[in-house]
2 protein chains.
Amino acid sequence: MNIGEASKASGVSAKMIRYYEEIRLIRPKARSDNNYRIYGEDEVHGLRFIKRERSLGFSLEETERLLALWQDKERESGAVKQVALSHIADLERRIAEMSAMVKTLKHLAHCCGGDKRPDCPILEDLAGQGDAADEDCKPRRR
Amino acid sequence: MNIGEASKASGVSAKMIRYYEEIRLIRPKARSDNNYRIYGEDEVHGLRFIKRERSLGFSLEETERLLALWQDKERESGAVKQVALSHIADLERRIAEMSAMVKTLKHLAHCCGGDKRPDCPILEDLAGQGDAADEDCKPRRR
DNA sequence: CTTGACCTTCCCATGATGGGAAGGCCCATG
DNA sequence: CATGGGCCTTCCCATCATGGGAAGGTCAAG
């Protein structure tokens, strides 16, 4: 199987397959006479594994660990679970951060007339004059 | 004010102040005889504005737009609100993506013994043999 | 006058991905 | 057999926001 065929079979772009090789995640089974990379079913399976991990937000570093655990038939499932739990915690921390941003922004946007007038509590807050903790919108001049 | 003093006053690193200058977000008021950048209160205010925007997750591109609107006293608040709303939508999309990841991972982790045995539904899912839609955990051999 | 704490510019690195150039290989069609 | 198109190869560059560090200039305190 060429790199193009492996790409189609796995859903991973040829560019990325070469990159994963560079950082030692996967290697082609062999090179053909004309120096083309040759892949088999195992490699394609590995690529799909990587793709699924990436879609779950694992970094390539975590991916490397999980890939090693996957190939180690003697692994302890606790090791895998630990990687997963730590990743979950990381995701939840980022979600909480972004949710806080959304909350603040929604409050500001709610208080902003969004019309043709220049008064804008969003800008006031960004400029540090705002009072983001205030539940109510400041009265606007008419 | 030197770049170091402006950095302390604004909370933005000197490195970043220079970078913001390079991409034309802010400029020092002047250069001193010895070619040092000189900042005034206005510039520090601008830096704090940028910092607050970044902390709310705006990209530097959005930051540039909001900064221009901030400085434009004739702006229409609707323009600002639109940037904010679009950013909120973006954040919410990313939160939803990550929440879906967390949900899947939690299910998998819940089903994983996390012990010394090698059986691991997390790896099975990653390998594409799993059944992530299944609400229940598969029975494990004892 | 030395020392240390600043400042300047310039280059490099991150993480994951894509774009593109230059050159080689192979197959099908004229 | 020749040519063209579609692969493949390697190599370099760009992204986004940030930091690290080198090499060299400047300034103030001891």
Side-chain angles (χ1 to χ4, degrees), chain A residues 1-39 43-44 46-67 87 90-91 94 97-98 101, chain B residues 1-39 43-44 46-67 87 90-91 94 97-98 101:
Chain A
M1 219 185 320
N2 272 342
I3 198 171
E5 295 162 324
S7 170
K8 257 175 220 154
S10 64
V12 177
S13 77
K15 275 280 197 200
M16 277 302 101
I17 296 178
R18 292 194 196 95
Y19 176 64
Y20 293 159
E21 178 179 348
E22 194 187 326
I23 63 172
R24 291 147 195 272
L25 273 191
I26 40 86
R27 263 162 308 156
K29 196 165 48 183
R31 291 279 187 145
S32 69
D33 287 349
N34 47 21
N35 202 31
Y36 286 11
R37 289 166 177 85
I38 301 177
Y39 300 92
E43 286 76 26
V44 170
L47 287 170
R48 277 200 282 255
F49 185 95
I50 294 171
K51 196 186 176 201
R52 176 83 175 122
E53 284 183 76
R54 301 283 308 123
S55 81
L56 286 173
F58 287 102
S59 71
L60 284 184
E61 205 181 333
E62 290 165 320
T63 293
E64 192 178 1
R65 279 209 295 280
L66 289 173
L67 203 52
H87 181 50
D90 193 45
L91 286 172
R94 280 147 63 192
E97 270 177 28
M98 292 200 285
M101 294 177 193
Chain B
M1 220 186 317
N2 272 344
I3 198 171
E5 294 161 326
S7 170
K8 258 174 221 156
S10 65
V12 177
S13 76
K15 275 283 198 199
M16 277 302 102
I17 296 177
R18 293 195 196 95
Y19 176 64
Y20 293 158
E21 178 179 348
E22 194 188 326
I23 64 173
R24 291 144 197 273
L25 273 191
I26 39 85
R27 264 162 310 156
K29 197 166 50 185
R31 291 278 186 146
S32 68
D33 287 348
N34 47 21
N35 202 31
Y36 287 11
R37 289 167 177 85
I38 301 176
Y39 300 92
E43 287 76 26
V44 170
L47 287 169
R48 276 199 283 255
F49 185 95
I50 294 172
K51 196 187 175 200
R52 176 86 176 120
E53 283 182 75
R54 301 283 307 122
S55 82
L56 286 173
F58 287 102
S59 71
L60 283 184
E61 204 180 336
E62 288 166 321
T63 293
E64 193 179 359
R65 279 209 296 281
L66 289 173
L67 202 54
H87 180 52
D90 193 46
L91 285 172
R94 280 149 62 193
E97 271 176 28
M98 291 200 285
M101 294 177 193

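Just so it is clear: chains get the letters A, B, ... in the order the sequence lines come, proteins before strands, and each one is counted from 1.
Proximity of B/Glu62 to B/Glu53: side-chain heavy atoms (C-beta onward) are nowhere separated by under 4.5 Å. Taking 4.5 Å as the limit, every side-chain heavy atom of B/Ile26 sits out of range of all side-chain heavy atoms of B/Glu43.
To the nearest angstrom, P of D/dC27 lies 12 Å from CD1 of B/Ile38. Rounded to an integer number of Å, the gap from CD of B/Glu64 to P of D/dA17 is 11 Å. Taking atom CD1 of residue B/Ile3 and atom C1' of nucleotide D/dG25, one finds them 16 Å apart after rounding to whole Å. When the C1' atom of C/dG15 is taken as reference, atom CZ of A/Arg94 falls 12 Å away, rounded to whole Å. If you measure from atom NZ of B/Lys8 to atom P of C/dA5, you get 12 Å, rounded to the nearest angstrom. Distance A/Lys51 NZ to C/dT17 P: 11 Å, rounded to the nearest Å. As rounded to whole Å, 14 Å separates atom C1' of D/dT26 from atom CZ of B/Arg31.
No more than 12 heavy atoms of other residues, nucleotides or ligands shown are found within 6.0 angstrom of CZ on A/Arg27. The number of heavy-atom neighbours closer than 6.0 Å to CZ of A/Arg31, taken from other residues, nucleotides and ligands shown, is above 12.
B/Leu25 CG to B/Met16 CE: the interatomic distance, rounded to the nearest 0.5 Å, is 11.0 Å. Put simply, CZ on A/Arg48 and CZ on A/Arg52 are 13.0 Å apart, with the number rounded to the nearest 0.5 Å. To the nearest 0.5 Å, atoms CZ (B/Arg65) and NE2 (B/His87) are separated by 11.0 Å. To the nearest 0.5 Å, the span separating OH on B/Tyr20 from CG on B/Leu67 amounts to 11.0 Å.
Taking five base pairs at each end of the helix from C/dC1-D/dG30 to C/dG30-D/dC1 and finding the rotation axis that steps the C1' atoms of four pairs onto the next four gives two axes whose angle is 30°, to the nearest 10°.
Between B/Asn34 and the phosphate of C/dT8, there is no side-chain N or O to OP1/OP2 separation shorter than 4.0 Å. Considering only side-chain N and O atoms, B/Arg37 lies under 4.0 angstrom from the phosphate OP1 or OP2 of C/dT8. Contact check, B/Arg54 against D/dC16: no side-chain N or O comes under 4.0 Å of OP1 or OP2.
Each of B/Asp33 and B/Phe58 was matched to the nucleotide of DNA chain D holding its nearest heavy atom; the match closer to the 5' end belongs to B/Phe58.
Ranking D/dT26, D/dT9, D/dA17 by closeness to the B/Tyr36 side chain, first place goes to D/dT26.
For the pair A/Val12 and A/Leu47, the tightest heavy-atom approach, listed with the atom from each and the gap, is CG2-O, 3.8 Å.
Of the residues in residues 13-28 of chain A, those placing a heavy atom less than 4.0 Å from an atom of DNA chain C are A/Ser13, A/Lys15, A/Met16, A/Tyr19, A/Tyr20, in numerical order.
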